*Asks:* 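Supplied in C-alpha cells, the structure appears directly below.
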Amino acid sequence: AEANQEESRWVYVPEPAEGTEMFGLETVQITGGLRVSREVVFEAGPSAGQPMVDVAISGLGGWFSVYTKADHRGQYVKLRVWTPKGVEVFLRPPLPIPTRVVL
C-alpha cells in the first residue's frame, strides 16, 4: 500500500519529441496547470512615476517593474503572479533606472 501512495505523488511528464520544445498551453496542462507563485499587497507611494517593486521570474531573462498611476496614491495594490509548478517569482527593491520603458 505504501508503494502505491508513493507512486501516486509523481506526475508523468512525457519527453518532448526530438527537435521540439515543450512550452505553451499543452505543457502547462501536462505539468499540472498554473498556481499563484507570489501574492503581495503594496501601498502605492507618494509619487506616481516611481516603481514600487521589481519582479523577476525564473526562466525569463530580465525583470519588470510595477508602477502605479497618480490617482492610486495612498491606495493598496495587489500583485498576483501565476506560474507553472517549479517556476519561482522573486521581488526586490526597484533598481534606480532613470526612465521607464513603455511597451
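Residue indices begin at 1 and follow the sequence shown. All values derive from a computational prediction rather than experimental measurement.
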*Asks:* Under 4.5 Å side-chain heavy-atom separation, chaining through any Ile, Leu, Val, Met, Phe, Trp or Tyr, what else clusters with Phe90? Say none if it is isolated.
*Replies:* none
*Asks:* I need the Ser37 OG to Lys85 NZ distance, nearest 0.5 Å.
*Replies:* 11.5 Å
*Asks:* Could you list the residues that satisfy salt bridge (charged side-chain N to carboxylate O under 4.0 Å, His left out) with Glu88, not counting sequence neighbours?
*Replies:* none
*Asks:* Test of understanding: with side-chain hydrogen bond (donor to acceptor under 3.5 Å, both in side chains), list the residues that count as partners of Trp63, not counting sequence neighbours.
*Replies:* Asp54
*Asks:* Tracing side-chain links under 4.5 Å among I, L, V, M, F, W and Y, which residues wind up in one group with Leu91?
*Replies:* Val40, Phe42, Met52, Val53, Val55, Ile57, Leu60, Phe64, Val66, Val77, Leu79, Val81, Val87, Val89
*Asks:* What residues form a side-chain contact (heavy atoms from CB on, under 4.5 Å) with Glu39, not counting sequence neighbours?
*Replies:* Val36, Lys78, Arg80
